[in-house]
Engineer: 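Starting off with a structure, shown below.
Just so it is clear: chains get the letters A, B, ... in the order the sequence lines come, proteins before strands, and each one is counted from 1.
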Amino acid sequence: MTDSTGTTAPAPTADLDGAAAPDRSGLYLVDGSGFIFRAFHALPMMTRPDGTPVNAVLGFSNMLLKLLADVKAEAVAVVFDSARLNFRNEFYPDYKAHRPETPEELKPQFALIREATDAFCLPSLELDGYEADDLIATYARLAQEAGRPVTIVSSDKDLMQLVGPGVAMYDPMKNKHIGPDEVFEKFGVQPDKVVDVQALAGDSVDNVPGVPGIGVKTAAQLITEYGDLDTLLANAEKIKQPARRQKLIEFADQARVSRRLVQLEANAPQPKPLEDLRVREPDHRRLIDFLKAQGFRSIVARVEMEMKRDGRIADAGLPASPATPGAVDADGVVAPQPTATVEKRYELVQDLAALEVWVRRAQASGVIAVDTETNSLTPATATLVGVSLSTAPGLACYIPLAHGSAAAAAGQLDFDAPPPPKQIPTADLMAALKGMLEDPAILKVGHNFKFDHQLFARNGVTVSPIDDSMLISYALDGGAHGHGMDELAELHLAYTPISFKEVCGTGKTQITFDQVPLDKALDYAAEDADITLRLWTLLKPRLVEARMVTVYETLDRPLVPIIADMERAGVRLDQDALKRLSQDLAVRLVEIEKDVHQLAGQSFNIGSPKQLGEILFDVMKLGAGKKGKTGAYSTDSSVLEELAEQGHSIAQRVLDWRQLAKLKSTYTDALQEKIEALTGRVHTAFALAATNTGRLSSTDPNLQNIPIRTEEGKKIRRAFIAAPGNRLISVDYSQIELRLVAEMANIQALKDAFRDGLDIHAATAAQVFGVPLDQMTPDIRRKAKAINFGIIYGISGFGLSRQLGITPGEANSFIKTYLERFHELKVWMEATKSFARDHGYVETLFGRRCYMPGIQDKNPARRAFAERQAINAPIQGTAADIMKRAMNRVPAALAAAGSHAQMLLQVHDELLFEVPEAEAEQAAALVRAVMEGAASFSVPLVAEAGIGSNWGEAH
DNA sequence: TACTTCACG
DNA sequence: GACGTACGTGAAGTAT
């Protein structure tokens, strides 16, 4: 990070926070109220086991912890607003009148944050009738007069007016020091003129009116020219621009009122004397008790770690430290280090000699974090732009490879462009790193390493062994929160990394990474490798504590190179067929649209649910309509189907239109655009840490929801084809989730039916409805099938009734009979819900945990939802685990058999392969065998295979 | 950016 | 009797 003041050390030894080190004496005034709101909005909603929301409490606690680790202040105070109204409302009642109501999830957190402040043993300040900002101004003045340096800890621009001699600001969210230069950057004037600028520009958030038509830029210009607000207003007549002159004269009083609103009160009464704001030694046991009660496991770990380091183990009754922080133990695991105190040393590596140092460091420590930068998010075709490495917390480098050469690469000559910087040729870098990246004694750590693995593979390097901090987090905390690097850095390191959009911009002005200047690229890329290593250091040991090593090591981690290969292989599409389908659909959509408009008696946008609802229910008056919490009419397919059954032909036509419009926009049009020119194929990305249950997901494009259920949809599936001379093989598990229900709940009758190879829906129908198999009707079987599915989803009478179009009463009696026939199921469902309530998570048969926030929720609807999730997650998750076991074994099994089959896609219970025609039968049989043998239960696993020249035929 | 709808398992 | 319902995803389009 580069300090914008330009006053600190130059790269490569940039300062830790991109700012002058915080002063280690003096007074720190923390804007508590500001933090509550920022933390609340910055962090995803999270709750403690009892359902109390705590995201703002977590953000706040993290901030305090980081602050206390960063600075050795002699005095700290956390300052809060006391009430919504203050003295400003007396002369301007509308002040902050536009503020939205405090969100419900935030309200209970105010008291907890006061508690947190006490638990940290920090003094707090608040005063009726004054804002936190006024108290900050007052105490800043007092300290300044006493000759003590002051740091205001806040991200609020309204406090910038206080910056001056002896008073600085520090924004802990952005890790940024704010001095006079930063204030000038923001307001265009020195801090003492900030109120004048704000008085003119106003502030829509706080409802400060200012002068209409004048923004910060103009205000700064005027104040610079005239010196201050009063002089400006007194000389308003002299302003040249007529509109501006007129506004300033007309709104002079409003500007003066605005100044009174933004001017902070530095002479407020003092709730506590300045001397009382001393930092006291925290009561660690109390602090840990508080943090534990909120469920903040990672912070507790950090506090305990710092206590160990400080030799305070005994008084907290903690076990002795297993390792010295920073040291490497017998397993090659680096013990966690308190990260906030580590200094950043980022280096740009532009020649092989400098690189050599990093390779030696990796050899010495046995661990290195690796991250790649590219010009695209599709690793199968992206150009490698740079590589970053980190070998210790704070110690990282960036190796640029293709910066500033975009024009040259495109074969264009641009004599005005600066020459590309000195860079190691990509092939030379690969040659230099190959030994290290393939060295079995050096662990390579990445965050979402699948991406990087693919890039190295394309450059002839098979990275091994690897660890993935994203997948470790997923195994540890799946369902509790997301696992992206930025989110984890906030959560575990109390740090906000430089965002990609800060570096590359967004929207139309977005640039690719090769266009990023080297100094910025270094800050961003080196930081990614640094954070990856820090996260790994923190999270890896937790796998052992959480007994999640097996899940990670045998299910998720081995998948990285395998899925990287699938993505890289991509799948072939018949572009001509898609094009013809698009054209055909376009013609039919126009026809249907004409029909619908005629039936409606007017033209409107059929794709707009709002307009459609109004046409159907207001204009045509087809029934009552109205639904949904937003007050809009629901027009989803169940509503339209009902209308169609009542004989309203417009409803059926709209359904037809919807289906075709969906197929065209989401599939036949979009898929063509996803064909990569470089390979002629489509390369999806499988997300390995996206779902709450352990399933994969597929994006860009999503190839796990290609149509199949309708005849029109099947045409799209037939556009997925094998390369010439090859075939596609599809192998899918038969009824895997229902088999797992039988296994996990130990339902004897169901297990017998599966063992006997019966038609499972007919068999359950026979059991539940007492109809002999030879008298089974399709309708009875359909009902049994719906119940079977319902079980997997955490059945409810209401849901089943909607599915079957029967009354909830009938549905409930079906469920009752079902649970009587399969009595073991009820026991299992109750036990599973109870386990979820006790632990806050459920487990798959292979030990993967799925956290269930909401299982303790006071709201019965949300709790019921969590209970259904608790039933479904072990079933869906175990099926996902089994599929992962199969996928981990298939490539090796194929290779051992000398097969050239390539795995292409996974669709939850199905695998798709491409294979030379002559090997198809053999490969299909082999894959079936591996899938069926992926787990061994008392219920057999059955997989079925199909072969064809396209996906529709193979399935 | 949020909501609605719908494609799949 | 509350509450709003089948579980898990991702993408496109409209409305704000």
Engineer: Mark yes or no for a side-chain to base donor-acceptor pair under 3.5 Å between R862(A) and dG4(C), with no hydrogen or angle criteria applied.
Structural biologist: no

Engineer: Does atom CD (E642(A)) have a neighbourhood of more than 12 heavy atoms from anything else shown, all under 6.0 Å?
Structural biologist: no

Engineer: Per the atom types in the model, does the base of dG9(B) pair as donor or acceptor with the side chain of R709(A) at under 3.5 Å?
Structural biologist: yes

Engineer: Given dA6(C), dA15(C), dC7(C), identify the nucleotide with an atom nearest to the side chain of L800(A).
Structural biologist: dA6(C)

Engineer: Determine the contact category for I706(A): base if any of its heavy atoms lies under 4.0 Å from a base atom, sugar-phosphate if only primed atoms, P, OP1 or OP2 are that close, otherwise nothing.
Structural biologist: sugar-phosphate

Engineer: Do the rings of F617(A) and Y633(A) sit parallel, tilted or perpendicular, given the 30° and 60° boundaries?
Structural biologist: tilted

Engineer: When both hydrogen-bonding distances must be under 3.5 Å and the geometry is Watson-Crick or G-U wobble, what is dA2(C) paired with, if anything?
Structural biologist: none

Engineer: As a test of reading the structure: which of dA11(C), dC6(B), dG4(C) is closest to the side chain of T699(A), going by heavy atoms?
Structural biologist: dA11(C)

Engineer: Nearest 0.5 Å, please: how far is CZ in R928(A) from CD in E944(A)?
Structural biologist: 7.5 Å

Engineer: Would you kindly compare H908(A) and A861(A) by the position of their nearest DNA chain C nucleotide and give the one closer to the 5′ end?
Structural biologist: A861(A)

Engineer: Rounded off to whole Å, could you give me the CG-to-C1' distance for the L740(A) and dG9(B) pair?
Structural biologist: 14 Å

Engineer: From C-beta outward on S697(A), which listed nucleotide comes closest to its side chain: dT4(B), dG10(C), dC8(B)?
Structural biologist: dG10(C)

Engineer: In terms of side-chain heavy atoms of N702(A), which of dC8(B), dA11(C), dC6(B) is nearest?
Structural biologist: dA11(C)

Engineer: Nearest of dT4(B), dG8(C), dA6(C) to any side-chain atom of P609(A)?
Structural biologist: dT4(B)

